[in-house]
Enquirer: 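Handing you a structure now.
Just so it is clear, the structure is predicted and the values come from calculations on it, not from any experiment. Letters go in sequence order (proteins before strands), and every chain restarts at 1.
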2 protein chains.
Amino acid sequence: MQLSKSSQYAIRILAFMANHQEMQPMNANKLSEELLIPYKFLTKIMNELVKADLIVSIRGREGGYSFAKPPSEIIIDEILAIFHDSIKDEQCVLGIGFCNGMCKCALHDQWMEPKILMQKMFRESTLEKIAGQGCKI
Amino acid sequence: MQLSKSSQYAIRILAFMANHQEMQPMNANKLSEELLIPYKFLTKIMNELVKADLIVSIRGREGGYSFAKPPSEIIIDEILAIFHDSIKDEQCVLGIGFCNGMCKCALHDQWMEPKILMQKMFRESTLEKIAGQGCKI
DNA sequence: CTTAATTACCACCTTTAGGTAGAATTAATT
DNA sequence: AATTAATTCTACCTAAAGGTGGTAATTAAG
């Protein structure tokens, strides 16, 4: 029961970048060293963030990555969605097809509250909001 | 962000068995057909439940599976633990090593409440409690 | 004793997540 | 124009999850 490594890394990378907007564009080497994320894996993730239009990349010398839009407009759920980690409304904790009022799973009622809280957390947290928190790793 | 198939199946299987205690021992064929879980995968899961002492198996004709202890004494978290799906106290949502007061991740504070709720849900739900709920698939 | 019904075990297959390698492309600097 | 520092692309590798096949072991029933 946890996020994929890709999602975890992506959030940490973007939060770090949001904390150092003056250093943009920021290159993959720097990010890899600061966050202790394998270089090649990191570039793969960054590339997906570029394709998803969260990040723009500048190739060549003095290049690197910068935000495609301000961190205040990027929500965590948007990042999770890229790596298929977002919690959908209809998602059943026991994986049955249609888990709703008609035919619900054995954990449906208990699952409601934590599920809604997680969705709320992922949907209401912007990068800007969370960037200030924590010890920036 | 979801439970493994093994955990999902195991909970559904055990809840079903708790709902039909008069039919014990219950064999793999019956469980597979009722719950639409691939036979071979199901027997693999049952075997793990046997090794974990949640279930006892009886081989041979008229054999099958029965509870090793009453469903009122089996909590969901115990099942999740078998498949490495339990949510540990120190588990960080962004996967950093030590996420606590000293050095916490950017989502630490927001993660607290849903995490505690999920742990509560998994730790306080017994099989007996959840068995009655839902439409028994 | 034989047969049929059952679980246990071992080995494998397929798909996905996580991660790596190397060459191609781009662009600033010299 | 050459060099160098950077991203991008394609392809691959490894480990784990999910799933299957075949057979041995066990046991009740006939």
Side-chain angles (χ1 to χ4, degrees), chain A residues 1-13 17 23-68 79-86 94-95, chain B residues 1-13 17 23-68 79-86 94-95:
Chain A
M1 197 64 162
Q2 56 177 349
L3 296 177
S4 65
K5 272 265 170 267
S6 296
S7 287
Q8 292 179 335
Y9 284 160
I11 295 171
R12 286 179 50 214
I13 292 164
M17 286 180 63
M23 296 195 214
Q24 284 181 13
M26 190 177 286
N27 69 42
N29 229 308
K30 167 85 175 166
L31 287 168
S32 168
E33 279 171 13
E34 291 285 344
L35 299 171
L36 301 173
I37 298 173
Y39 176 82
K40 280 292 195 175
F41 194 21
L42 182 136
T43 58
K44 195 182 204 174
I45 289 169
M46 294 314 283
N47 203 228
E48 297 190 67
L49 296 178
V50 168
K51 280 179 190 150
D53 288 322
L54 259 58
I55 289 290
V56 288
S57 68
I58 306 171
R59 285 184 169 199
R61 202 163 180 163
E62 303 291 291
Y65 303 99
S66 13
F67 284 108
I79 305 170
L80 298 188
I82 298 171
F83 305 100
H84 314 107
D85 251 340
S86 177
L94 295 189
Chain B
M1 196 64 162
Q2 57 177 349
L3 296 177
S4 65
K5 272 266 170 269
S6 296
S7 287
Q8 292 179 335
Y9 284 160
I11 295 170
R12 286 178 50 213
I13 293 163
M17 286 181 64
M23 295 196 213
Q24 284 181 13
M26 188 176 287
N27 69 42
N29 228 309
K30 168 85 175 165
L31 287 168
S32 167
E33 279 170 13
E34 291 284 346
L35 299 170
L36 302 173
I37 298 172
Y39 176 82
K40 279 292 195 176
F41 195 22
L42 183 136
T43 58
K44 198 181 205 174
I45 289 168
M46 294 314 282
N47 202 229
E48 298 191 65
L49 297 178
V50 168
K51 282 179 188 151
D53 288 322
L54 257 59
I55 289 289
V56 287
S57 68
I58 306 171
R59 285 184 170 198
R61 202 161 180 164
E62 303 290 293
Y65 302 100
S66 13
F67 284 109
I79 305 170
L80 298 188
I82 298 171
F83 304 101
H84 313 108
D85 252 339
S86 178
L94 296 189

Enquirer: Where the side chain of Lys5(A) is defined as all heavy atoms beyond and including C-beta, which of dG18(C), dT7(D), dA28(C) is the nearest nucleotide?
Expert: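 Of the options given, the side chain of Lys5(A) lies nearest dG18(C).
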
Enquirer: When we call it a touch if two heavy atoms are under 4.0 Å apart, what does Thr43(B) touch: a base, just sugar-phosphate, or nothing?
Expert: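 Nothing: the residue Thr43(B), judged by heavy atoms under 4.0 Å, touches no strand.
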
Enquirer: What's Tyr65(B) touching, base or sugar-phosphate or nothing? Going by heavy atoms closer than 4.0 Å.
Expert: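 Contact class for Tyr65(B): sugar-phosphate only.
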
Enquirer: Side chain of Lys40(A), base of dG22(C): donor and acceptor closer than 3.5 Å?
Expert: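 A donor-acceptor contact between them is present.
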
Enquirer: Measuring to OP1 and OP2 of dA17(C), would you say a side-chain N or O of Ser6(A) lies under 4.0 angstrom away?
Expert: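 For dA17(C), neither OP1 nor OP2 has a side-chain N or O of Ser6(A) closer than 4.0 Å.
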
Enquirer: Can you check the Asn47(A) CG to dT10(D) C1' distance for me, whole Å?
Expert: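 My rounded result for the distance is 12 Å.
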
Enquirer: Any side-chain N or O of Asn29(B) less than 4.0 Å from the OP1 or OP2 oxygen of dA5(C)?
Expert: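 Asn29(B) to dA5(C) OP1/OP2: no side-chain N or O under 4.0 Å.
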
Enquirer: Output the distance between atom CG (Leu31(B)) and atom CZ (Arg12(B)), rounded to the nearest 0.5 Å.
Expert: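 Going from CG on Leu31(B) over to CZ on Arg12(B), the span is 11.0 Å.
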
Enquirer: Output the rounded distance in Å from CD1 (Ile45(B)) to P (dA17(D)).
Expert: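 Rounded to the whole Å, the gap is 13 Å.
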
Enquirer: Can you tell me how far CD of Gln2(A) sits from NE2 of His84(B), rounded to the nearest 0.5 angstrom?
Expert: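 Output value for this atom pair is 12.5 Å.
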
Enquirer: Grab the two heavy atoms, one from Asn27(B) and one from Gly63(B), that are nearest each other, plus how far apart they are.
Expert: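 Shortest heavy-atom separation between Asn27(B) and Gly63(B) comes out as CB-O, 3.9 Å.
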
Enquirer: Please confirm whether the shortest side-chain N or O distance from Asn27(B) to OP1 or OP2 of dT7(C) is below 4.0 Å.
Expert: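 Result: no.
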
Enquirer: Any donor-acceptor pair under 3.5 Å linking the side chain of Ser32(B) with the backbone of Ile37(B)?
Expert: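 Side chain of Ser32(B) to backbone of Ile37(B): a pair is present.
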
Enquirer: I need the CG-P distance between Leu49(B) and dT7(C), as an integer number of Å.
Expert: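 Rounded to the whole Å, the gap is 13 Å.
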
Enquirer: Can you measure Ile37(A) atom CD1 to dG19(C) atom P for me and round it to whole angstrom units?
Expert: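 Going from Ile37(A) (CD1) to dG19(C) (P), I get 10 Å.
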
Enquirer: For a quick check of understanding: with a heavy-atom distance under 4.0 Å over all strands, which category does Lys30(A) fall into, base, sugar-phosphate or nothing?
Expert: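 The residue Lys30(A) makes no contact with any strand.
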
Enquirer: Can you identify which nucleotide, out of dC9(D), dT7(C), dG18(C), has its nearest atom closest to the Phe41(A) side chain?
Expert: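 Nearest to the side chain of Phe41(A) among the choices is dG18(C).
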
Enquirer: Touch check for Tyr9(B), heavy atoms < 4.0 angstrom, all strands: base, sugar-phosphate only, or nothing?
Expert: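 The answer is sugar-phosphate, as Tyr9(B) gets under 4.0 Å only of primed atoms, P, OP1 or OP2.
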
Enquirer: Rounded to the nearest 0.5 Å, how far does CD of Glu34(A) lie from CE of Met23(A)?
Expert: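 Taking CE in Met23(A) and CD in Glu34(A), the distance rounds to 7.0 Å.
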
Enquirer: Nearest to the side chain of Arg59(B) - dT20(C), dT3(C), dT26(D)?
Expert: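 The listed nucleotide nearest to Arg59(B)'s side chain is dT26(D).
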
Enquirer: Would you tell me if any nitrogen or oxygen in the side chain of Tyr39(A) comes within less than 4.0 Å of OP1 or OP2 on dG22(C)?
Expert: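 The answer is no; no side-chain N or O of Tyr39(A) sits under 4.0 Å from OP1 or OP2.
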
Enquirer: Can you tell me how far apart OG (Ser6(A)) and CD1 (Ile11(A)) are? Round to the nearest 0.5 Å.
Expert: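 The OG atom of Ser6(A) sits 11.0 Å away from the CD1 atom of Ile11(A).
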
Enquirer: Could you tell me the separation between the NE2 atom of His84(B) and the P atom of dA17(C), rounded to a whole number of Å?
Expert: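 It works out to 20 Å between those atoms.
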
Enquirer: Expressed in angstrom and rounded to an integer, what is the separation of Ile58(B) atom CD1 from dA25(D) atom C1'?
Expert: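 Computing the Ile58(B):CD1 to dA25(D):C1' distance gives 16 Å.
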
Enquirer: Report yes or no: is there a donor-acceptor pair, N or O only, under 3.5 Å between the side chain of Lys44(B) and the base of dG19(D)?
Expert: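 It does, because a donor-acceptor pair links the side chain of Lys44(B) to the base of dG19(D) below 3.5 Å.
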
Enquirer: Please report the interatomic distance CZ(Phe83(B)) to CG(Leu3(B)), rounded to the nearest 0.5 Å.
Expert: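 Reported value, rounded in 0.5 Å steps: 11.0 Å.
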
Enquirer: If I take atom CG in residue Leu3(A) and atom C1' in nucleotide dG18(C), what distance separates them, rounded to the nearest angstrom?
Expert: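 After rounding, the reported distance stands at 15 Å.
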
Enquirer: Quickly work out the Gln2(B) CD to dG18(D) P distance and round it to whole Å.
Expert: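 Going from Gln2(B) (CD) to dG18(D) (P), I get 9 Å.
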
Enquirer: Please report the interatomic distance OG1(Thr43(B)) to OH(Tyr65(B)), rounded to the nearest 0.5 Å.
Expert: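 Going from the OG1 atom of Thr43(B) to the OH atom of Tyr65(B) covers 6.0 Å.
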
Enquirer: Dot-bracket for DNA chain C, please, read 5' to 3', with Watson-Crick or G-U wobble pairs under 3.5 Å on both distances, ( ) within the strand, [ ] crossing, | other strand, . unpaired.
Expert: ||||||||||||||||||||||||||||||

